[in-house]
Amino acid sequence: MQSGVPTETPKTAQRIGVPREVYPGEKRVATVPDVVGKLIKLGFSVAVESGAGDLANFSDEVYRAAGAEVIEGAAKLWAASDIVFKVRGPTADEVALMHAGQALVSFIWPAQNPELMQLLAARQVTVLAIDALPRTLSRAQKMDALTSMAGVSGYRAVIEAANAFGRFFNGQITAAGKVPPAKVFIAGAGVAGLAAIGTAASLGAIVRANDTRAEVADQVVSLGGEFVKVDYVEEGSGGGGYAKVMSEGFQQAQRAMYAKQAMEVDIIITTALIPGKPAPKLITAEMVQSMKPGSVIVDMAGEQGGNCELTVPGEAVVRHGVTIVGYTDLASRLAKQSSTLYATNLFRLTEELCKTKDGIIDVNMEDDAIRGLTVVKEGNITWPPPAPKPSATPPAAAKPATAVVAKKAHGHGAASEPMSRNKLAIMFGVAAALFWLIGANAPTEFLSHFTVFVLACFVGYMVVWNVKPALHTPLMSVTNAISSIIAIGALVQISPIVGAANRPDSLITWVAAAGIVLTAINMFGGFAVTQRMLAMFRK
């Protein structure tokens, strides 16, 4: 009989449950059949509520074929799940279906929903808010559902604008007349704004955009838009990759710019949001009234109150002849695409939670990304997370300021300081003496060639070393033309090639021949590299 040594009961794989979304008008689903198989490979079992994917064109049969179990009824699904994947935050009725030890992954928006946070904590569950992901972490990009949904919403905003607009986006000249291109102004060049810029430009519209963060100007231009600056200097970057609340002076200058754009453009798309705060009012009623009849405003911030004073969240209304679209379900209007992206984000998160691939998640609070996501841990509210840890880079060594002062006192500047007049005079004196010695003793032919060599070195130094490093590659391409001068000079030297081996200057002839070879390599190689660089920018 074996001695009774207590052994730990092995943990069984956890089940991921995907309920049907109950929020009015929500068509997305938290996972898709293609991702179900990937979750099963991580060791989990997957259960989906019957009909959960119908509105996103994923039938129960497709889920079953992928290996998921289809369960009838929300109550049974919640009771049978260890982990629940959702899109929208749970309602009070759904929270009541949760049990202690359960984990929930969903959009939560903890700053805007303190009551929901208390309800979840009371159920002794663990909650990971996908919207609380620290977006500044590079490895968190694969889990960034906010970016995924914002990209879909930006694209859909342009489609809604095109649907409400009474003309083509691109300009056309037909036998029936000329159609000018639509002018689109996009307020905010974050992820959604950049997606809207790219979509509108690809449809042929004239696109303008503005953002409080000056660093996005290059991104706007690269997508085919024009960056419209505010006549006020202020840094607009906030924490976590978002914009910050600007000063009153900046806001006044911004309103003046928006008023001017409203009178000129046909379509305005607003995307401005600041986490934890109501959407800033960018478009006033007076601006709407100044727009041309038939113009369109798509307010992507409608769910947080809207960027336009006349926006009605969830509806499209007409005010002063302008259609104002305030839909709050833009991502849901492309349900299949957005569900696929969201499901992939949750799968990447699951990979981080289950690195052992044994079907059991580990909410590691030492991991910066997981710590930022976790807003409730086993019934304890852990939001907001602590400040991110400083990087482990060693501090820069202090500069010996006193030593620099001492050197200056003795008349010896630092290595980076300009050369003193005395040193410069000595250097030129030595060089002049050296040149005099060479000129007094060298043959006349050598002296003429040496003079050309020195001048060439001087010109090369002035041309190359005084150019910024960023311009060196284009400069090297242009110097192919200069290389032709060298080739001509070398050809002059070897032109009387007959009997060159018996001539006193035969060494110069062979050096000239070598110069022709090297110059030819430089010319043809330079042009080849230039063509390859240009090919990178051609479609």
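Below, each value reflects all heavy atoms present in this structure, side chains not excepted, and no hydrogens, waters or symmetry copies.
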Do [X] side-chain atoms and [Y] backbone N/O form a donor-acceptor pair below 3.5 Å?
X      : Y      : result
Ser338 : Ala331 : yes
Asp82  : Gln14  : no
Asn163 : Ile159 : no
Thr284 : Met287 : yes
Asp60  : Ser50  : no
Glu94  : Thr91  : yes
Asn307 : Pro280 : yes
Thr271 : Ala187 : yes
Lys281 : Gly305 : yes
Ser222 : Gln219 : yes

Heavy atoms only: give me the nearest [X]-[Y] pair and the separation to one decimal.
X      : Y      : value
Ala66  : Val36  : O-CG1, 3.7 Å
Ala279 : Ala272 : CB-O, 4.1 Å
Val363 : Thr126 : CG2-CG2, 4.2 Å
Ile71  : Ala47  : CD1-CB, 3.7 Å
Val296 : Val325 : CG1-CG2, 4.5 Å
Leu120 : Leu104 : CD2-CD2, 4.2 Å

Within the 4.5 Å heavy-atom criterion, are [X] and [Y] side-chain neighbours or not?
X      : Y      : result
Val84  : Pro19  : yes
Val318 : Ile324 : no
Pro313 : Glu303 : no
Glu309 : Val288 : no
Asn170 : Pro181 : no
Leu349 : Ile370 : yes
Phe107 : Met149 : yes
Val29  : Arg20  : no

[X] with [Y]: basic N within carboxylate O range, under 4.0 Å:
X      : Y      : value
Lys142 : Glu352 : yes
Asp144 : Arg135 : yes
Asp367 : Arg139 : yes
Glu351 : Lys357 : no

Let me confirm one number: the [atom1]-[atom2] distance from [X] to [Y], rounded to the nearest 0.5 Å.
X      : Y      : atom1 : atom2 : result
Ile297 : Cys308 : CD1   : SG    : 4.5 Å
Thr350 : Ile83  : OG1   : CD1   : 7.0 Å
Ile16  : Ile361 : CD1   : CD1   : 8.0 Å
Arg123 : Leu97  : CZ    : CG    : 8.0 Å
Leu341 : Lys336 : CG    : NZ    : 13.0 Å
Ile269 : Met300 : CD1   : CE    : 8.0 Å

Worksheet item: Is the Phe185 ring parallel, tilted or perpendicular to the Tyr258 ring (thresholds 30°, 60°)?
Response: perpendicular
Practice prompt. Specify whether Phe169 and Phe165 have parallel, tilted or perpendicular ring planes, treating 30° as the upper limit for parallel and 60° as the lower limit for perpendicular.
Written response: perpendicular
Around atom [atom1] of [X], are there more than 12 heavy atoms of other residues, nucleotides or ligands at under 6.0 Å?
X      : atom1 : value
Lys76  : NZ    : no
Tyr327 : OH    : yes
Phe168 : CZ    : no

Worksheet entry | Side chains of Thr270 and Asp299, donor plus acceptor under 3.5 Å | yes
Item to complete: Give the intermediate values and the outcome of side-chain contact (heavy atoms from CB on, under 4.5 Å) for residues Gln304 and Leu273.
Response: CA-CA 8 Å; Gln304 281 74 40; Leu273 282 174; 3.7 Å; yes
Discussion item. For Glu21, run the side-chain hydrogen bond (donor to acceptor under 3.5 Å, both in side chains) check against Arg88, Lys86, Lys27 and tell me which one passes.
Written reply: Lys86
Item to complete: Just do the side-chain contact (heavy atoms from CB on, under 4.5 Å) check on Val265 and Val184 with the steps written out, would you?
Response: CA-CA 6 Å; Val265 302; Val184 180; over 6 Å; no
Discussion item. Walk me through whether Val230 and Asn210 qualify under side-chain contact (heavy atoms from CB on, under 4.5 Å).
Written reply: CA-CA 8 Å; Val230 176; Asn210 169 261; 3.5 Å; yes
Worksheet item: Where do Arg255 and Glu248 land on the salt bridge (charged side-chain N to carboxylate O under 4.0 Å, His left out) test, with the steps shown first?
Response: CA-CA 10 Å; Arg255 283 192 289 269; Glu248 181 58 33; 3.0 Å; yes
Worksheet item: Is there a side-chain contact (heavy atoms from CB on, under 4.5 Å) between Glu160 and Leu330 once you walk through the steps?
Response: CA-CA 9 Å; Glu160 294 294 340; Leu330 291 172; 3.9 Å; yes
Discussion item. Taking the ring centre of each residue, are Tyr342 and Phe347 less than 6.0 Å apart?
Written reply: no
Practice prompt. Could you check Lys355 against Asp362 for salt bridge (charged side-chain N to carboxylate O under 4.0 Å, His left out), going step by step and ending with a plain yes or no?
Written response: CA-CA 8 Å; Lys355 295 181 178 180; Asp362 176 24; over 6 Å; no
